[in-house]
Amino acid sequence: MDYQAFFEDALQDLQSEGNYRVFAELERNVKDAPRAIQHVEGKKRPVTVWCSNDYLGMGKSALVRETVSQMALEDGAGAGGTRNISGTAHLHVTLENTLAELHGKEAALLFTSGYVSNWASLSTLGSKLPDCTILSDAKNHASMIEGIRSSKAKKVIWNHNDPEDLDRKLAALPVGGAKLIAFESVYSMDGDISPMAEILDVAEKHGAMTYLDEVHAVGLYGPRGGGIAEREGLSDRVTLIEGTLAKAFGVLGGYVAGSAALCDFIRSFASGFIFTTALPPALAAGANASVRHLMNSDMERMRQCRNVARLRAILDRHRIPHMDNPSHIVPVMVGDPFKAKFLSDTLLENYGIYVQPINYPTVAKGTERLRITPSPLHTDADIDHLAGALSELWSQCALSRAVA
(Lines give C-alpha, C1' and ligand atoms only; values in the text may rest on other atoms or scores of the structure.)
Protein backbone atom coordinates (compact mmCIF):
# COMPACT_ATOMS: atom_id res chain seq x y z
CA MET A 1 0.00 0.00 0.00
CA ASP A 2 1.26 3.51 -0.84
CA TYR A 3 0.79 5.13 2.57
CA GLN A 4 2.20 8.50 1.52
CA ALA A 5 -0.28 8.75 -1.34
CA PHE A 6 -3.10 7.80 1.03
CA PHE A 7 -2.26 10.64 3.44
CA GLU A 8 -1.95 13.17 0.61
CA ASP A 9 -5.26 12.10 -0.95
CA ALA A 10 -7.03 12.31 2.42
CA LEU A 11 -5.72 15.83 2.96
CA GLN A 12 -6.89 16.86 -0.52
CA ASP A 13 -10.35 15.48 0.26
CA LEU A 14 -10.47 17.58 3.41
CA GLN A 15 -9.43 20.67 1.48
CA SER A 16 -12.08 20.11 -1.17
CA GLU A 17 -14.71 19.89 1.56
CA GLY A 18 -13.68 23.28 2.90
CA ASN A 19 -12.61 21.79 6.23
CA TYR A 20 -8.85 21.79 5.74
CA ARG A 21 -7.12 23.47 8.66
CA VAL A 22 -4.44 25.95 7.63
CA PHE A 23 -1.89 26.84 10.30
CA ALA A 24 -0.11 30.18 9.95
CA GLU A 25 2.80 31.23 12.08
CA LEU A 26 1.38 33.81 14.50
CA GLU A 27 3.29 36.79 15.82
CA ARG A 28 3.86 37.01 19.54
CA ASN A 29 1.72 39.42 21.50
CA VAL A 30 4.45 40.78 23.74
CA LYS A 31 3.16 42.73 26.71
CA ASP A 32 5.14 44.21 29.56
CA ALA A 33 3.08 42.59 32.31
CA PRO A 34 5.33 41.19 35.02
CA ARG A 35 3.65 38.79 37.40
CA ALA A 36 4.18 38.70 41.14
CA ILE A 37 6.09 35.70 42.42
CA GLN A 38 5.38 34.73 46.02
CA HIS A 39 8.04 32.91 48.01
CA VAL A 40 6.76 30.92 50.97
CA GLU A 41 9.35 30.50 53.70
CA GLY A 42 9.27 27.35 55.77
CA LYS A 43 11.31 24.42 56.96
CA LYS A 44 12.54 22.22 54.16
CA ARG A 45 13.63 18.65 54.68
CA PRO A 46 16.36 17.63 52.24
CA VAL A 47 15.28 14.66 50.13
CA THR A 48 17.25 13.16 47.25
CA VAL A 49 14.97 11.96 44.45
CA TRP A 50 16.17 8.79 42.71
CA CYS A 51 13.19 7.97 40.48
CA SER A 52 12.68 11.14 38.45
CA ASN A 53 12.12 10.98 34.71
CA ASP A 54 13.92 14.32 34.39
CA TYR A 55 16.78 12.07 33.38
CA LEU A 56 19.39 14.74 32.62
CA GLY A 57 18.28 17.37 35.12
CA MET A 58 17.34 19.78 32.35
CA GLY A 59 14.19 20.82 34.20
CA LYS A 60 16.48 22.25 36.88
CA SER A 61 18.94 23.87 34.49
CA ALA A 62 19.37 27.64 34.52
CA LEU A 63 19.00 27.70 30.73
CA VAL A 64 15.53 26.15 30.74
CA ARG A 65 14.25 27.92 33.85
CA GLU A 66 15.37 31.34 32.65
CA THR A 67 13.95 30.75 29.16
CA VAL A 68 10.55 29.68 30.52
CA SER A 69 10.35 32.51 33.05
CA GLN A 70 11.40 35.19 30.57
CA MET A 71 8.98 34.03 27.88
CA ALA A 72 6.15 33.72 30.42
CA LEU A 73 6.73 37.34 31.46
CA GLU A 74 6.77 38.45 27.82
CA ASP A 75 4.04 36.23 26.35
CA GLY A 76 1.86 35.21 29.25
CA ALA A 77 1.20 31.94 31.02
CA GLY A 78 -1.02 30.17 28.49
CA ALA A 79 -1.66 29.73 24.80
CA GLY A 80 -5.21 31.05 24.94
CA GLY A 81 -6.76 28.50 22.63
CA THR A 82 -6.46 25.33 20.62
CA ARG A 83 -3.91 25.19 17.82
CA ASN A 84 -6.80 25.75 15.38
CA ILE A 85 -8.26 28.74 17.19
CA SER A 86 -5.71 31.40 18.18
CA GLY A 87 -3.49 28.93 20.08
CA THR A 88 -0.63 28.60 17.59
CA ALA A 89 2.35 30.81 18.44
CA HIS A 90 5.59 31.09 16.51
CA LEU A 91 7.25 29.35 19.50
CA HIS A 92 5.22 26.21 18.75
CA VAL A 93 6.29 26.29 15.13
CA THR A 94 9.92 26.87 16.08
CA LEU A 95 9.88 23.87 18.42
CA GLU A 96 8.24 21.65 15.80
CA ASN A 97 10.93 22.63 13.31
CA THR A 98 13.63 21.80 15.87
CA LEU A 99 12.11 18.39 16.60
CA ALA A 100 11.85 17.58 12.89
CA GLU A 101 15.53 18.50 12.56
CA LEU A 102 16.44 16.38 15.59
CA HIS A 103 14.93 13.26 14.02
CA GLY A 104 15.85 14.02 10.41
CA LYS A 105 12.19 14.21 9.40
CA GLU A 106 10.22 16.64 7.24
CA ALA A 107 7.88 17.73 10.01
CA ALA A 108 6.83 17.32 13.63
CA LEU A 109 3.61 17.90 15.51
CA LEU A 110 3.30 19.00 19.15
CA PHE A 111 0.86 17.58 21.69
CA THR A 112 0.21 18.48 25.32
CA SER A 113 1.85 15.27 26.64
CA GLY A 114 3.54 12.09 25.52
CA TYR A 115 0.47 10.12 26.60
CA VAL A 116 -1.74 12.26 24.36
CA SER A 117 0.62 12.05 21.39
CA ASN A 118 0.58 8.24 21.57
CA TRP A 119 -3.14 7.96 22.13
CA ALA A 120 -4.12 10.54 19.51
CA SER A 121 -1.72 9.39 16.80
CA LEU A 122 -2.32 5.65 17.10
CA SER A 123 -6.09 6.02 17.44
CA THR A 124 -6.17 8.28 14.36
CA LEU A 125 -3.97 6.05 12.19
CA GLY A 126 -5.74 2.86 13.27
CA SER A 127 -9.19 4.29 12.59
CA LYS A 128 -8.42 6.10 9.32
CA LEU A 129 -6.06 3.73 7.49
CA PRO A 130 -8.14 1.30 5.39
CA ASP A 131 -8.62 -2.14 6.96
CA CYS A 132 -5.78 -1.43 9.38
CA THR A 133 -4.13 -4.02 11.62
CA ILE A 134 -1.89 -2.73 14.40
CA LEU A 135 0.80 -5.10 15.60
CA SER A 136 1.73 -4.14 19.14
CA ASP A 137 4.72 -5.27 21.21
CA ALA A 138 3.52 -7.15 24.32
CA LYS A 139 5.16 -4.62 26.67
CA ASN A 140 4.04 -1.40 25.02
CA HIS A 141 3.13 1.54 27.25
CA ALA A 142 -0.43 2.09 28.47
CA SER A 143 -0.80 5.18 26.24
CA MET A 144 -0.06 3.09 23.15
CA ILE A 145 -2.47 0.38 24.27
CA GLU A 146 -5.18 3.00 24.84
CA GLY A 147 -4.61 4.53 21.42
CA ILE A 148 -4.85 1.14 19.72
CA ARG A 149 -7.99 0.30 21.68
CA SER A 150 -9.60 3.64 20.78
CA SER A 151 -8.86 3.14 17.09
CA LYS A 152 -11.01 -0.01 16.98
CA ALA A 153 -8.53 -1.38 14.44
CA LYS A 154 -7.65 -5.05 14.40
CA LYS A 155 -4.91 -5.71 16.94
CA VAL A 156 -2.23 -8.38 17.01
CA ILE A 157 0.15 -8.64 19.98
CA TRP A 158 3.62 -9.98 19.27
CA ASN A 159 6.11 -11.31 21.79
CA HIS A 160 8.22 -8.63 23.42
CA ASN A 161 11.29 -7.70 21.37
CA ASP A 162 10.84 -10.81 19.18
CA PRO A 163 11.21 -9.99 15.46
CA GLU A 164 10.71 -13.64 14.50
CA ASP A 165 7.31 -13.74 16.18
CA LEU A 166 6.44 -10.43 14.52
CA ASP A 167 7.43 -11.89 11.15
CA ARG A 168 5.22 -14.95 11.70
CA LYS A 169 2.23 -12.86 12.71
CA LEU A 170 2.59 -10.48 9.79
CA ALA A 171 2.85 -13.43 7.39
CA ALA A 172 -0.39 -14.85 8.81
CA LEU A 173 -2.40 -11.69 8.06
CA PRO A 174 -4.59 -11.51 4.96
CA VAL A 175 -3.13 -9.83 1.90
CA GLY A 176 -4.21 -6.21 1.58
CA GLY A 177 -5.08 -3.70 4.23
CA ALA A 178 -2.78 -1.37 6.12
CA LYS A 179 -0.32 -2.78 8.65
CA LEU A 180 1.21 -0.69 11.43
CA ILE A 181 3.90 -1.99 13.81
CA ALA A 182 3.98 -0.18 17.17
CA PHE A 183 6.94 -0.61 19.51
CA GLU A 184 9.30 1.26 21.82
CA SER A 185 13.04 1.80 21.80
CA VAL A 186 13.72 1.78 25.57
CA TYR A 187 11.15 0.04 27.78
CA SER A 188 10.77 1.98 30.99
CA MET A 189 10.32 -0.75 33.60
CA ASP A 190 12.98 -3.28 32.56
CA GLY A 191 15.22 -0.78 30.79
CA ASP A 192 15.76 -3.12 27.84
CA ILE A 193 16.22 -1.86 24.28
CA SER A 194 14.41 -3.19 21.24
CA PRO A 195 16.24 -4.91 18.35
CA MET A 196 15.25 -2.04 16.10
CA ALA A 197 17.09 -2.96 12.92
CA GLU A 198 15.60 -6.46 12.89
CA ILE A 199 12.10 -5.11 13.51
CA LEU A 200 12.48 -2.63 10.66
CA ASP A 201 13.72 -5.44 8.39
CA VAL A 202 10.52 -7.37 9.12
CA ALA A 203 8.37 -4.28 8.55
CA GLU A 204 9.94 -3.57 5.18
CA LYS A 205 9.64 -7.22 4.15
CA HIS A 206 5.85 -7.03 4.67
CA GLY A 207 5.28 -3.42 3.54
CA ALA A 208 4.23 -2.27 7.01
CA MET A 209 4.43 1.18 8.56
CA THR A 210 6.38 1.57 11.80
CA TYR A 211 5.47 3.64 14.85
CA LEU A 212 8.37 4.04 17.31
CA ASP A 213 7.96 5.37 20.85
CA GLU A 214 11.28 6.98 21.88
CA VAL A 215 10.08 8.73 25.04
CA HIS A 216 12.68 7.09 27.29
CA ALA A 217 15.46 7.60 24.74
CA VAL A 218 15.22 11.11 23.29
CA GLY A 219 17.85 13.42 24.71
CA LEU A 220 19.75 10.44 26.11
CA TYR A 221 21.01 8.45 23.14
CA GLY A 222 22.51 9.34 19.80
CA PRO A 223 25.13 12.00 19.02
CA ARG A 224 22.48 14.76 19.21
CA GLY A 225 19.99 13.12 21.56
CA GLY A 226 17.74 11.85 18.78
CA GLY A 227 17.22 8.51 20.54
CA ILE A 228 18.11 4.92 19.76
CA ALA A 229 17.03 5.31 16.12
CA GLU A 230 19.56 8.11 15.68
CA ARG A 231 22.26 6.19 17.55
CA GLU A 232 21.79 3.18 15.28
CA GLY A 233 21.43 5.26 12.10
CA LEU A 234 17.86 4.04 11.54
CA SER A 235 15.72 7.19 11.82
CA ASP A 236 15.11 7.39 8.08
CA ARG A 237 13.63 3.87 8.09
CA VAL A 238 11.03 4.62 10.79
CA THR A 239 7.70 5.93 9.51
CA LEU A 240 6.71 7.90 12.60
CA ILE A 241 8.80 8.67 15.69
CA GLU A 242 7.03 9.67 18.89
CA GLY A 243 8.74 11.40 21.78
CA THR A 244 8.24 13.46 24.90
CA LEU A 245 9.51 16.79 26.16
CA ALA A 246 8.83 15.87 29.81
CA LYS A 247 11.63 13.40 30.49
CA ALA A 248 15.22 14.02 29.34
CA PHE A 249 14.26 17.45 27.98
CA GLY A 250 12.80 18.37 31.38
CA VAL A 251 9.70 20.35 30.41
CA LEU A 252 6.25 19.21 29.22
CA GLY A 253 4.58 17.96 26.05
CA GLY A 254 4.73 15.19 23.48
CA TYR A 255 5.24 15.06 19.74
CA VAL A 256 5.44 12.94 16.62
CA ALA A 257 7.90 13.39 13.76
CA GLY A 258 7.56 12.05 10.23
CA SER A 259 6.76 13.11 6.70
CA ALA A 260 4.97 16.42 6.19
CA ALA A 261 1.90 14.65 4.79
CA LEU A 262 1.70 12.21 7.70
CA CYS A 263 2.05 14.93 10.35
CA ASP A 264 -0.56 17.05 8.55
CA PHE A 265 -2.85 14.03 8.35
CA ILE A 266 -2.66 13.53 12.14
CA ARG A 267 -3.02 17.29 12.70
CA SER A 268 -6.21 17.31 10.63
CA PHE A 269 -7.91 14.20 12.01
CA ALA A 270 -6.67 13.61 15.60
CA SER A 271 -9.26 14.73 18.15
CA GLY A 272 -6.54 14.74 20.82
CA PHE A 273 -4.84 17.53 18.87
CA ILE A 274 -7.86 19.43 17.54
CA PHE A 275 -9.91 19.78 20.71
CA THR A 276 -7.36 20.67 23.40
CA THR A 277 -5.64 23.91 24.38
CA ALA A 278 -2.16 24.30 22.96
CA LEU A 279 0.99 23.87 25.03
CA PRO A 280 1.88 27.18 26.76
CA PRO A 281 4.29 29.05 24.46
CA ALA A 282 6.71 29.67 27.34
CA LEU A 283 7.04 25.92 27.87
CA ALA A 284 7.55 25.44 24.14
CA ALA A 285 10.39 27.96 24.34
CA GLY A 286 11.93 26.15 27.30
CA ALA A 287 11.65 22.81 25.55
CA ASN A 288 13.24 24.25 22.42
CA ALA A 289 16.15 25.61 24.45
CA SER A 290 16.61 22.21 26.10
CA VAL A 291 16.50 20.27 22.83
CA ARG A 292 18.90 22.69 21.15
CA HIS A 293 21.32 22.49 24.06
CA LEU A 294 21.34 18.67 24.10
CA MET A 295 21.78 18.55 20.34
CA ASN A 296 25.16 20.21 20.90
CA SER A 297 26.23 19.04 24.37
CA ASP A 298 27.40 15.57 25.42
CA MET A 299 28.33 16.62 28.96
CA GLU A 300 24.99 15.70 30.53
CA ARG A 301 24.81 12.32 28.77
CA MET A 302 28.40 11.45 29.70
CA ARG A 303 27.90 12.39 33.33
CA GLN A 304 24.71 10.36 33.51
CA CYS A 305 26.37 7.30 31.95
CA ARG A 306 29.19 7.58 34.45
CA ASN A 307 26.74 7.77 37.38
CA VAL A 308 24.73 4.80 36.11
CA ALA A 309 27.89 2.71 35.81
CA ARG A 310 29.11 3.77 39.26
CA LEU A 311 25.79 2.94 40.93
CA ARG A 312 25.66 -0.48 39.27
CA ALA A 313 29.22 -1.24 40.39
CA ILE A 314 28.50 -0.30 44.01
CA LEU A 315 25.23 -2.28 44.02
CA ASP A 316 27.25 -5.26 42.80
CA ARG A 317 29.73 -4.71 45.61
CA HIS A 318 26.85 -4.86 48.12
CA ARG A 319 25.32 -7.77 46.18
CA ILE A 320 22.03 -5.89 45.72
CA PRO A 321 20.22 -7.57 42.79
CA HIS A 322 19.48 -5.26 39.88
CA MET A 323 18.25 -6.09 36.41
CA ASP A 324 21.03 -6.15 33.83
CA ASN A 325 20.19 -3.96 30.84
CA PRO A 326 22.00 -1.61 28.43
CA SER A 327 20.07 1.54 29.39
CA HIS A 328 20.06 4.28 32.03
CA ILE A 329 17.27 2.61 34.06
CA VAL A 330 18.39 0.57 37.10
CA PRO A 331 15.59 -1.71 38.37
CA VAL A 332 16.53 -3.01 41.85
CA MET A 333 14.65 -6.27 42.16
CA VAL A 334 12.72 -6.88 45.40
CA GLY A 335 10.15 -9.52 44.38
CA ASP A 336 7.65 -8.70 47.12
CA PRO A 337 5.10 -5.83 47.04
CA PHE A 338 5.02 -5.30 50.81
CA LYS A 339 8.78 -5.26 51.18
CA ALA A 340 9.08 -2.95 48.19
CA LYS A 341 6.66 -0.52 49.88
CA PHE A 342 8.51 -0.88 53.20
CA LEU A 343 11.83 -0.15 51.52
CA SER A 344 10.44 2.94 49.81
CA ASP A 345 8.83 4.27 52.99
CA THR A 346 11.88 3.63 55.16
CA LEU A 347 14.31 5.11 52.65
CA LEU A 348 12.28 8.31 52.69
CA GLU A 349 11.66 8.46 56.43
CA ASN A 350 15.08 7.43 57.73
CA TYR A 351 17.50 8.25 54.93
CA GLY A 352 15.99 11.18 53.02
CA ILE A 353 15.88 9.10 49.83
CA TYR A 354 12.81 8.99 47.60
CA VAL A 355 12.40 6.11 45.18
CA GLN A 356 8.97 4.82 44.18
CA PRO A 357 8.09 1.11 44.50
CA ILE A 358 6.82 -0.46 41.27
CA ASN A 359 4.20 -3.16 41.80
CA TYR A 360 1.54 -5.06 39.85
CA PRO A 361 -0.11 -4.24 37.44
CA THR A 362 2.72 -2.01 36.19
CA VAL A 363 5.02 -5.03 36.42
CA ALA A 364 4.27 -8.73 36.76
CA LYS A 365 3.66 -10.19 40.22
CA GLY A 366 6.88 -11.45 41.72
CA THR A 367 8.98 -8.83 39.90
CA GLU A 368 8.28 -5.89 42.23
CA ARG A 369 11.13 -3.43 42.25
CA LEU A 370 12.56 -0.03 43.00
CA ARG A 371 13.12 1.77 39.70
CA ILE A 372 16.20 3.96 40.06
CA THR A 373 17.25 6.57 37.51
CA PRO A 374 20.64 8.17 38.22
CA SER A 375 21.06 11.66 36.79
CA PRO A 376 24.02 13.94 36.11
CA LEU A 377 23.03 15.93 39.21
CA HIS A 378 23.63 13.07 41.66
CA THR A 379 26.99 13.25 43.41
CA ASP A 380 29.31 10.41 44.38
CA ALA A 381 28.22 10.98 47.98
CA ASP A 382 24.55 10.61 46.91
CA ILE A 383 25.33 7.31 45.19
CA ASP A 384 27.25 5.96 48.19
CA HIS A 385 24.44 7.00 50.54
CA LEU A 386 21.79 5.27 48.40
CA ALA A 387 23.74 2.02 48.05
CA GLY A 388 24.62 1.94 51.75
CA ALA A 389 21.00 2.53 52.77
CA LEU A 390 19.78 -0.20 50.44
CA SER A 391 22.35 -2.62 51.85
CA GLU A 392 21.28 -1.95 55.43
CA LEU A 393 17.59 -2.38 54.63
CA TRP A 394 18.26 -5.47 52.50
CA SER A 395 19.55 -7.22 55.62
CA GLN A 396 16.71 -5.85 57.73
CA CYS A 397 14.13 -7.23 55.28
CA ALA A 398 15.96 -10.59 54.99
CA LEU A 399 16.06 -10.21 51.22
CA SER A 400 18.32 -12.42 49.12
CA ARG A 401 21.60 -10.94 47.97
CA ALA A 402 22.78 -11.30 44.39
CA VAL A 403 25.13 -14.16 43.67
CA ALA A 404 28.69 -12.87 43.50
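Classified by interplanar angle (parallel below 30°, tilted 30° to 60°, perpendicular above 60°), the ring pair Y115/H141 is perpendicular.
Taking each heavy atom of G226 and V218 in turn, the nearest pair found is O-CG1, 4.4 Å. Residue G233 comes nearest to D236 through the heavy atom pair O-OD1, 3.8 Å, listed as atom of the first residue, atom of the second, then distance. Residues H328 and L220 share a closest heavy-atom pair of CE1-CD1, 3.4 Å. The shortest heavy-atom contact between T112 and L252 is O-CG, 3.9 Å. Among all heavy-atom pairs drawn from C51 and Q356, the shortest one is SG-N, 3.4 Å. The two atoms that bring L102 and E230 nearest to each other are O-OE2, 4.5 Å, heavy atoms only.
Aromatic ring centres of H293 and F249: separated by at least 6.0 Å. You'll find the ring centres of W394 and H318 outside the 6.0 Å limit. You'll find the ring centres of F265 and F269 inside the 6.0 Å limit. The aromatic ring centres of Y187 and H216 sit 6.0 Å or more apart. Aromatic ring centres of F111 and F273 lie closer together than 6.0 Å.
A donor-acceptor pair under 3.5 Å links the side-chain atoms of S117 to the main chain of G114, judged by distance alone.
Atoms CG and OG, from L294 and S290 in turn, are 4.5 Å apart once rounded to the nearest 0.5 Å. Taking CD1 from I383 and CG from L386, the interatomic distance works out to 8.5 Å, rounded to the nearest 0.5 Å.
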All N/O donor-acceptor pairs, side-chain side in residues 175-182, below 3.5 Å, sequence neighbours left out:
| unit_1 | atom_1 | unit_2 | atom_2 | d |
| --- | --- | --- | --- | --- |
| K179 | NZ | G176 | O | 3.4 |
| K179 | NZ | G177 | O | 3.4 |

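Within a 6.0 Å radius of NZ in K341, no more than 12 heavy atoms belonging to other residues, nucleotides or ligands are found. Atom CG of D324 has 12 or fewer neighbouring heavy atoms from other residues, nucleotides or ligands inside a 6.0 Å radius. In E164, the CD atom is not crowded: 12 or fewer heavy atoms of neighbouring residues, nucleotides or ligands sit closer than 6.0 Å. More than 12 non-hydrogen atoms from other residues, nucleotides or ligands lie less than 6.0 angstrom from CG of L63.
For R312 and N307, the side-chain atoms include no donor-acceptor pair closer than 3.5 Å. Between the side chains of R371 and N53, at least one donor N or O lies within less than 3.5 Å of an accepting N or O. Using a 3.5 Å distance cut-off with no hydrogens or angles, the side chains of S327 and N325 do pair a donor with an acceptor. A donor-acceptor contact closer than 3.5 angstrom links the side chains of D213 and N118. With no hydrogens or angles considered, a side-chain donor-acceptor pair links D192 and H160 at under 3.5 Å. Using a 3.5 Å distance cut-off with no hydrogens or angles, the side chains of T379 and D382 do pair a donor with an acceptor. There is a side-chain donor-acceptor pair under 3.5 Å between T367 and R369. If you check the side chains of S136 and N140, you find a donor sitting under 3.5 Å from an acceptor. Donor-acceptor pairing under 3.5 Å is lacking for the side chains of Q304 and H378.
In this view, K152 satisfies the side-chain hydrogen bond (donor to acceptor under 3.5 Å, both in side chains) rule with no residue, not counting sequence neighbours. Applying the side chain to side chain contact (heavy atoms under 4.5 Å, CB included) rule to A217 yields the partners S185, V186, E214, Y221, I228; only residues at least two apart in sequence or on another chain are considered.
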Would you check, one step at a time, whether the test salt bridge (Lys or Arg N to Asp or Glu O under 4.0 Å) holds for D201 with K205?
CA-CA 6 Å; D201 288 343; K205 173 183 174 182; over 6 Å; no

* Step by step, would you call L390 with L370 a side-chain contact (heavy atoms from CB on, under 4.5 Å)? -> CA-CA 10 Å; L390 282 171; L370 302 177; 3.9 Å; yes

Could you check L135 against L170 for side-chain contact (heavy atoms from CB on, under 4.5 Å), going step by step and ending with a plain yes or no?
CA-CA 8 Å; L135 297 101; L170 273 165; 3.6 Å; yes

_Applying salt bridge (Lys or Arg N to Asp or Glu O under 4.0 Å) to D131 and K154, what does each step give before you reach the verdict?_
CA-CA 8 Å; D131 193 24; K154 294 186 288 293; 2.5 Å; yes

D264/F7 under side-chain contact (heavy atoms from CB on, under 4.5 Å): CA gap, chis, key distance, verdict: CA-CA 8 Å; D264 222 10; F7 298 130; over 6 Å; no

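Of the listed residues (N288, L279, L283, L109), just one forms a side chain to side chain contact (heavy atoms under 4.5 Å, CB included) with H92, and that residue is L279.
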